[in-house]
Undergrad: 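Before anything else, here's the structure in question.
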Amino acid sequence: MQTKTQQVNKYYLKTKRMFLGMQGTDGLLYKLLIYGLLVGIGFVYLYPLLYMGVYSFKSLDDLLNPLVNWIPTQFYTGNYEQANKVLNFFSTLMETLYVTVLPALAQTAVAAVVGYGLARFEFRGKKIMFVLVLATFIIPPQVTLIPRYIFFNELNILGSLSAFLLPATFGQGLNSAIFILIFYQFFRAVPKALEEAAQLDGAGHFRIFFTIALPMALPAIIISFLFSFVWYWNETYLAAIYFGDALTTLPLQLQKFVATYQQMFPAEMGVSGGNQLNEGIKMAGTVLSILPLLIVYFITQRWFVEGVDRSGITGE
Amino acid sequence: MKRLGNNRNLTGLLFVSPWIMGFLVFTAFPLLYSLFLSFQEVKITTDGIKTNFVSFGNYEYAFSVDGTFVDRVLKYLEEMVISVPIIIVFSLIIALLLNQKIKFRGLFRTIFFLPVIIASGPVIKELIDQGITTIPSIEQYAIYQALNDNPDGFFNGILLYLIKNLIVILWYSGVQILIFLAALQKMDKQIFEAAKIDGASNWEFFWKITLPSLKPMIIVNLIYTIVTYSVFSLNPIIEHIQKNMFKVDTGYGYASALSWIYFLIIAAALAIAVGVMTVKRKKKYT
């Protein structure tokens with residue numbers, strides 16, 4: 001009798017250990033829960049992408065057929081051909097790169113300089129300036145939009161890249177405060193010893209900045225540039241107002257997709273189907289407009305994901 | 001020695017001077033100018049901008065005549081109160097999950113940061129239009145139907161909003177996950193081992209050590225979430241401001257007043273949120 005309870009006890013412990021683990025983190029149940037959550041939530045993020053991808057390859061017949069759900073009957077690329085025409089893809093892509101890469105570069109450069117100044121030097125009014133830098137983050141762009149619009153109009157730079165580039169060059173671009181903070185944190189975490197040694201050797205502050213501090217800040221530079229790039233790319237509100245019809249970006253073209261489509265392919269009276277705008281074409285347009293960013297992301301994701309730890313985005 | 005100090009002082013100012021100039025020209029001046037405009041009736045004529053002082057007329061108009069604005073502000077506040085805590089809690093959970101020792105960690109991280117890349121107004125709008133952002137086939141469930149039948153109740157309203165917008169809410173949380181994850185990875189592993197030896201369970205460890213040490217990051221994320229949520233280009237209030245900007249009978253003056261009211265609301269929301277967080281913290285430690 002005694003041995004039997006012991007036996008049962010042993011098995012009980014063994015199974016318990018298997019499911020709940022020794023320390024609470026290596027049990028089977030725990031792992032199942034974690035992976036279940038990860039896969040489930042991951043699906044929530046992937047679902048729209050999958051949906052877009054699948055629908056963009058569906059021909060009209062597939063779209064209308066309720067039996068065709070996730071796997072199109074044929075590999076139909078007609079949607080992409082039309083979406084390409086509507087978005088005017090390659091020339092729009094070039095324009096988008098033009099209005100996102102340059103401001104992103106300018107913003108990163110100025111954030112590095114200002115962040116270095118804040119991290120390494122003491123000057124009067126530094127605390128006030130710090131508060132103001134943070135304050136610029138919470139000011140909604142709408143408040144400064146109208147005066148800037150009038151101002152840019154007088155400078156005659158509405159509809160040109162300068163409307164984005166000029167504020168970025170002076171540290172007032174999109175979320176500039178965040179980038180200044182990233183560089184500030186980064187330079188503060190870097191030991192001063194190297195710079196002090198260079199100073200003893202007679203190097204000036206600017207030389208130290210360019211030859212010693214800046215090369216060390218590569219992780220911060222990359223992450224700032226990437227985020228800056230993505231945020232400028234996704235900015236449609238300011239772009240629509242500042243650029244008007246003079247410059248366009250892929251997200252802006254996507255916004256006007258339906259209107260442009262109807263202009264290019266006017267619906268023929270009485271004829272159904274054929275030229276009508278359908279879900280597949282719309283989805284193809286959406287895929288095309290996020291594809292460049294997705295490619296950039298998959299190439300640079302190491303920096304997005306791991307660069308964050310190194311660039312000290314969180315501060316102390 | 002003093003000369004050297006002065007020198008450093010100047011160099012420091014030189015480094016930050018681009019920002020100071022930019023701040024004065026592109027932020028401080030526009031801020032004051034839009035405050036000035038908000039008290040004016042602005043007419044654009046051929047020889048420039050004509051202003052006419054109307055005192056608080058624009059502000060009164062916003063609250064008494066312009067029903068859309070008040071409606072949208074109330075709706076925005078209600079949605080923010082629901083969404084922001086969910087975004088924070090959700091991104092914290094994901095960060096905790098990603099911080100575990102798991103297989104395919106790189107893959108999962110890549111997936112979870114996708115929203116950072118794709119979250120632009122037109123794309124999200126396209127997704128909402130296609131109905132991809134609700135939980136798939138939720139309409140078939142009895143709970144949803146029961147809720148949908150009487151959407152007036154307070155909790156019913158919240159639940160309905162949640163069900164309909166859950167995916168969009170989750171899509172707002174890319175950067176927040178990044179921030180939490182970076183903070184979690186900086187935490188000292190030794191504390192964890194010490195607590196383990198003292199017999200603390202994971203559960204206790206999370207509530208007593210992880211969470212309190214994440215508190216500053218929670219505040220940072222709170223601010224970030226409220227700000228991005230408020231200035232997102234799909235936000236109906238922003239659409240309303242833009243519409244009024246180019247309307248003939250309201251124009252720049254009224255749009256400026258609206259943007260100032262909105263700014264003050266955001267500032268108040270931030271102050272309340274941060275205030276609540278810090279008050280709680282004090283209580284806990286006394």
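A, B, ... follow the sequence lines: proteins, then strands. Residue 1 opens every chain. The shown structure was predicted, so the numbers you read here are calculated from the model rather than taken from an experiment.
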Undergrad: Give the member of Gln255(A), Glu154(A), Arg148(A), Arg120(A) that has the highest number of heavy-atom pairs under 4.5 Å with chain B.
TA: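 The answer is Arg148(A).
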Undergrad: Would you tell me whether Ser34(B) and Trp260(B) have side-chain atoms, one donor and one acceptor, within less than 3.5 Å of each other?
TA: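 Yes, because at least one side-chain N or O of Ser34(B) sits under 3.5 Å from a partner of the opposite role on Trp260(B).
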Undergrad: Can you tell which part of Gln253(A) gets under 4.5 Å to a heavy atom of chain B, answering side chain, backbone, both or neither?
TA: neither
Undergrad: Please flag which part of Leu132(A) lies under 4.5 Å from any non-hydrogen atom of chain B: side chain, backbone, both or neither.
TA: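 Looking at Leu132(A), backbone and side chain both touch chain B.
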Undergrad: Determine whether the aromatic ring centres of Phe170(A) and Phe23(B) lie less than 6.0 Å apart.
TA: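 No, ring centres 6.0 Å or more apart.
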Undergrad: For the interface with chain B, which of Val110(A), Leu166(A), Asn153(A), Leu37(A) has the highest count of heavy-atom pairs at distances below 4.5 Å?
TA: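 Result: the option with the highest number of such pairs is Leu166(A).
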Undergrad: So does Gln40(B) get a backbone contact from the side chain of Asn58(B), meaning a donor-acceptor N/O pair under 3.5 Å?
TA: yes
Undergrad: Answer yes or no: is there a side-chain heavy-atom contact under 4.5 Å between Thr169(A) and Phe26(B)?
TA: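 Counting from C-beta outward, Thr169(A) and Phe26(B) never come under 4.5 Å.
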Undergrad: Can you tell which part of Leu32(B) gets under 4.5 Å to a heavy atom of chain A, answering side chain, backbone, both or neither?
TA: neither
Undergrad: Just checking, is any N or O donor in the side chain of Tyr172(B) or Ser91(B) under 3.5 Å from an acceptor N or O on the other one?
TA: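 No.
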Undergrad: Between Ala111(A), Pro167(A), Gly285(A), Gly204(A), which shows the greatest number of heavy-atom pairs under 4.5 Å with chain B?
TA: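 Of the options given, most contacts go to Pro167(A).
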Undergrad: If we define contacts as heavy-atom pairs under 4.5 Å, which of Thr136(A), Leu145(A), Ile180(A), Val133(A) has the most with chain B?
TA: Val133(A)
Undergrad: Under 6.0 Å between ring centres, would you say that holds for Phe164(A) and Tyr232(A)?
TA: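 Between Phe164(A) and Tyr232(A), the centre distance is under 6.0 Å.
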Undergrad: Which region of Leu270(B), side chain (C-beta onward) or backbone (N, CA, C, O), has a non-hydrogen atom less than 4.5 Å from a non-hydrogen atom of chain A, or is it both or neither?
TA: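 For Leu270(B), side-chain heavy atoms alone lie under 4.5 Å from chain A.
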Undergrad: Relative to chain A, which segment of Leu96(B) carries a heavy atom at a distance below 4.5 Å: side chain, backbone, both, or neither?
TA: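 For Leu96(B), no heavy atom lies under 4.5 Å from chain A.
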Undergrad: Can you find a heavy atom in the side chain of Leu181(A) that is under 4.5 Å from one in the side chain of Leu134(A)?
TA: yes
Undergrad: Does Ala255(B) offer a backbone N or O that forms a donor-acceptor pair with the side chain of Asn244(B) under 3.5 Å?
TA: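 Checked: no pair found.
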Undergrad: What part of Leu114(B) gets within 4.5 angstrom of chain A, counting heavy atoms only: side chain, backbone, both, or neither?
TA: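 Its backbone and side chain both get close to chain A.
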Undergrad: Name the region of Val113(A), side chain, backbone, both or neither, that has any atom closer than 4.5 Å to a heavy atom of chain B.
TA: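 Both backbone and side chain.
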Undergrad: Do Glu122(A) and Lys126(A) sit within salt-bridge range, that is, some charged N less than 4.0 Å from a carboxylate O?
TA: yes
Undergrad: Does Phe183(A) have its ring centroid less than 6.0 Å away from the ring centroid of Phe179(A)?
TA: no
Undergrad: Between Phe229(A) and chain B, with a heavy-atom cut-off of 4.5 Å, which part of the residue counts as in contact: side chain, backbone, both or neither?
TA: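 The answer is neither part of Phe229(A).
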Undergrad: Under 4.5 Å from any heavy atom of chain B, what part of Phe137(A) do you find: side chain, backbone, both or neither?
TA: both
Undergrad: What part of Thr286(A) gets closer than 4.5 Å to chain B, counting heavy atoms only: side chain, backbone, both or neither?
TA: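 Looking at Thr286(A), just its side chain touches chain B.
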Undergrad: At a heavy-atom separation under 4.5 Å, does Tyr116(A) approach chain B through its side chain, its backbone, both, or neither?
TA: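 Contact with chain B involves the side chain of Tyr116(A) alone.
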Undergrad: For the pair Gln142(A) (side chain) and Ile238(B) (backbone), establish whether a donor and an acceptor sit closer than 3.5 Å, ignoring hydrogens and angles.
TA: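 Checking the backbone N and O of Ile238(B) against the side chain of Gln142(A), no donor-acceptor pair under 3.5 Å is found.
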Undergrad: Can you tell which of Leu118(A), Ile150(A), Leu294(A) has the highest number of heavy-atom pairs within less than 4.5 Å of chain B?
TA: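 Highest number of heavy-atom pairs under 4.5 Å: Ile150(A).
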Undergrad: Measuring heavy-atom distances to chain B, does Gln172(A) have an atom under 4.5 Å in its side chain, in its backbone, in both, or in neither?
TA: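 When you check distances to chain B, only side chain atoms of Gln172(A) fall under 4.5 Å.
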Undergrad: For Leu31(B), is it the side chain, the backbone, both or neither that has a heavy atom under 4.5 Å from a heavy atom of chain A?
TA: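 Both backbone and side chain of Leu31(B) come within 4.5 Å of chain A.
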Undergrad: Output the option from Phe263(B), Tyr33(B), Tyr262(B) having the highest count of non-hydrogen pairs under 4.5 Å with chain A.
TA: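 Between Phe263(B), Tyr33(B), Tyr262(B), the count favours Phe263(B).
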Undergrad: Is the distance from the ring center of His205(A) to that of Phe15(B) below 6.0 Å?
TA: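 Aromatic pair excluded; centres sit 6.0 Å or further apart.
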Undergrad: With chain A, which of Ile226(B), Ile111(B), Ile94(B), Ile177(B) has the greatest number of heavy-atom pairs at distances under 4.5 Å?
TA: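 Option with the greatest count: Ile111(B).
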Undergrad: Which region of Tyr224(B), side chain (C-beta onward) or backbone (N, CA, C, O), has a non-hydrogen atom less than 4.5 Å from a non-hydrogen atom of chain A, or is it both or neither?
TA: both
Undergrad: Step through it carefully: locate the ring centre of Tyr297(A), locate the ring centre of Phe113(B), and say whether they are under 6.0 Å apart.
TA: no
Undergrad: Is there side-chain contact between Val114(A) and Met129(A), with heavy atoms separated by less than 4.5 Å?
TA: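 Yes. Closest side-chain heavy atoms under 4.5 Å.
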Undergrad: Using a cut-off of under 4.5 Å on heavy-atom pairs, state which of Gly171(A), Pro140(A), Gly117(A) scores highest against chain B.
TA: Pro140(A)
Undergrad: For the candidates Gly22(B), Ser17(B), Ala28(B), which exhibits the highest count of non-hydrogen atom pairs separated by less than 4.5 Å from chain A?
TA: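 Top option by heavy-atom pairs under 4.5 Å: Gly22(B).
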